[in-house]
Amino acid sequence: MTIVRLGYVAMSMELKNASPSQTMTFTQFQKIKDREAAIRKLEQISLSNLEHTLRLLKHNVFKEIHFYRLSSRLIPLANHEELPDWNYIKPLSEKLIEIGAYARKHNIRVDFHPDHFVVMNSPKTEVVKNSLKTLRLHYLLLKGMKIDPTHRCVLHVGGNYNETEKSLEQFVDNWMDVPRAIQKMIMLENDDTSFTVDDTLYLCEKLEIPLVFDYHHHLAHHYYEKWEDKWDRIVATWKDSPLPIKMHISSPKSEKEFRHHSDYVDVDMFFRYLKEIKGTVPEIHCMIEAKKKDEALFKLMEEIKHREDVEMIDGSSFYLK
DNA sequence: GGTCGTCAAGGGGTG
DNA sequence: CACCCCTTGACGACC
């Protein structure tokens, strides 16, 4: 028997006026003559993003959802090179503590997925430096929430540069210069164009990083690999983690636009996968990456609650019998 | 109140 | 090497 718990990404289709990703571009920032006023505006937006995050967590509790991906755009321009003197954490510290306390109290697993401009295997030192800056932001946010940062931040391997082996070794080289505290925060995910499960496993096993299996990416980019043969090794990358194994689940938009995320998750596709892993792990958390966000989660739960091979636990989790 | 262009980033792909 | 596309949500301008 396996417990399956579902989560969703960043924003809710139900909760109105609650974007955790409001922003200000550098172009807009520069148009404000008074630099101090512009920074205060950034702080206002950030605080609003955090307040919306807290509202989303409360919405999650009401809907019995215990897995949530925080927005990686909580603080606009936090890493901008023109704002090195801005202590963006300080004015937010109270709200961060409140968010962290709420998540802990209600047992909500939170994590991050910075966008694909974080490229840890880039041959360009500037790119790696900026990537580290972004990771540091994520680390400070988690620390500010008083949440253990271990395995809270999922990344792609990075660029392939038409040389898979070389680009994997570049990752290893660059990894050696990453501070230990940041290293421990990272998980790696197989992607849909550059690095297969096999490629990603190579890094995860060598560097002791948990692998987040993305089923949709695998279907889009696997050559002749069968994920089923590697499942035990994927599970093993989580053996020292304080958190249960997690994965990503989404469905192709169409045959033609296979890589794009569909509005909802195809229940048959999901269960073809679950059938294979049943009993291999006591618990698995599945992050739903669908255009319709939490609405996709609710729809999926509606579709599976009548199945004979499941027993419902709450609004977002069930036993797989 | 819809629709379109803009903003940011790095990689990927084309010519 | 030049160029445009990918992706994402927000947001402003426009009718």
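Chain identifiers are assigned alphabetically (A, B, ...) following the order of the sequence lines, protein sequences preceding nucleic acid strands; residue numbering begins at 1 within each chain. Only heavy atoms go into these numbers, but all of them, side chains included; no hydrogens, no water, no symmetry mates.
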(message) Could you walk me through whether Y202(A) and E169(A) satisfy the side-chain hydrogen bond (donor to acceptor under 3.5 Å, both in side chains) test, starting with their C-alpha distance in whole Å, then the side-chain angles of each, then the deciding distance to 0.1 Å, before giving a yes or no?
(response) CA-CA 10 Å; Y202(A) 167 77; E169(A) 291 315 317; 2.6 Å; yes

(message) Less than 6.0 angstrom from the centroid, inside 45 degrees of the normal: does K293(A) satisfy that with respect to the ring of Y8(A)?
(response) no

(message) Could you work out how much the helix from dG1(B)-dC15(C) to dG15(B)-dC1(C) bends, comparing the axis of its first five pairs with that of its last five, to 10°?
(response) 60°

(message) Could you check whether K305(A) makes a cation-pi contact with F318(A), meaning its NZ or CZ is under 6.0 Å from the centre of the six-membered ring and within 45° of the ring axis?
(response) no

(message) Using the side chain to side chain donor-acceptor pair (under 3.5 Å) criterion, which residues pair with Q44(A)? Sequence neighbours excluded.
(response) none

(message) Under the rule for side chain to side chain donor-acceptor pair (under 3.5 Å), what residues qualify as partners of E64(A), not counting sequence neighbours?
(response) none

(request) With sequence neighbours excluded, tell me which residues meet side chain to side chain contact (heavy atoms under 4.5 Å, CB included) with I3(A). (result) E283(A), I313(A), Y319(A)

(message) What residues from residues 14-21 of chain A pass a heavy-atom cutoff of under 4.0 Å to DNA chain C?
(response) S19(A), S21(A)

(request) Answer yes or no for R109(A) and Y68(A): cation-pi contact, defined as NZ/CZ to six-membered ring centre under 6.0 Å and angle to ring axis within 45°. (result) no

(message) What range of DNA chain C does chain A touch, first nucleotide to last, counting atoms under 4.0 Å from its heavy atoms?
(response) dT7(C) to dC11(C)

(request) Kindly write out the residues that satisfy side chain to side chain contact (heavy atoms under 4.5 Å, CB included) with T150(A), not counting sequence neighbours, or none if the list is empty. (result) D148(A), K184(A), P242(A)

Atom pairs, N/O to N/O, protein against nucleotides 8-12 of chain B, distance under 3.5 Å?
from	atom 1	to	atom 2	distance (Å)
dA8(B)	OP1	T25(A)	OG1	2.8
dA8(B)	OP1	F26(A)	N	2.5
dA8(B)	OP1	T27(A)	N	2.7
dA8(B)	OP1	T27(A)	OG1	3.1
dA8(B)	OP2	T27(A)	OG1	2.5
dG11(B)	OP1	Y161(A)	OH	2.6
dG11(B)	OP2	K124(A)	NZ	3.4
dG12(B)	OP1	N160(A)	N	3.0
dG12(B)	OP1	S194(A)	OG	3.1
dG12(B)	OP2	Y161(A)	N	3.4

(request) Any pair with a residue in residues 150-187 of chain A that passes ring pair (Phe, Tyr, Trp, His ring centres under 6.0 Å), sequence neighbours left out, goes on the list, sorted by first then second residue, please. (result) H113(A)-H156(A), H156(A)-H217(A), F171(A)-W175(A)

(request) Could you check whether K293(A) gets within reach of a base, just the sugar-phosphate, or nothing at all, counting any heavy atom under 4.0 Å? (result) sugar-phosphate

(request) Identify, with sequence neighbours excluded, every residue that meets side chain to side chain donor-acceptor pair (under 3.5 Å) alongside Q28(A). (result) T25(A)

(request) Identify, with sequence neighbours excluded, every residue that meets side chain to side chain donor-acceptor pair (under 3.5 Å) alongside R55(A). (result) none

Check residues 75-83 of chain A and write down every donor-acceptor pair under 3.5 Å in which the side-chain atom is one partner and the other belongs to a residue at least two apart or another chain.
from	atom 1	to	atom 2	distance (Å)
N79(A)	ND2	T134(A)	OG1	3.3
H80(A)	ND1	E82(A)	N	3.1

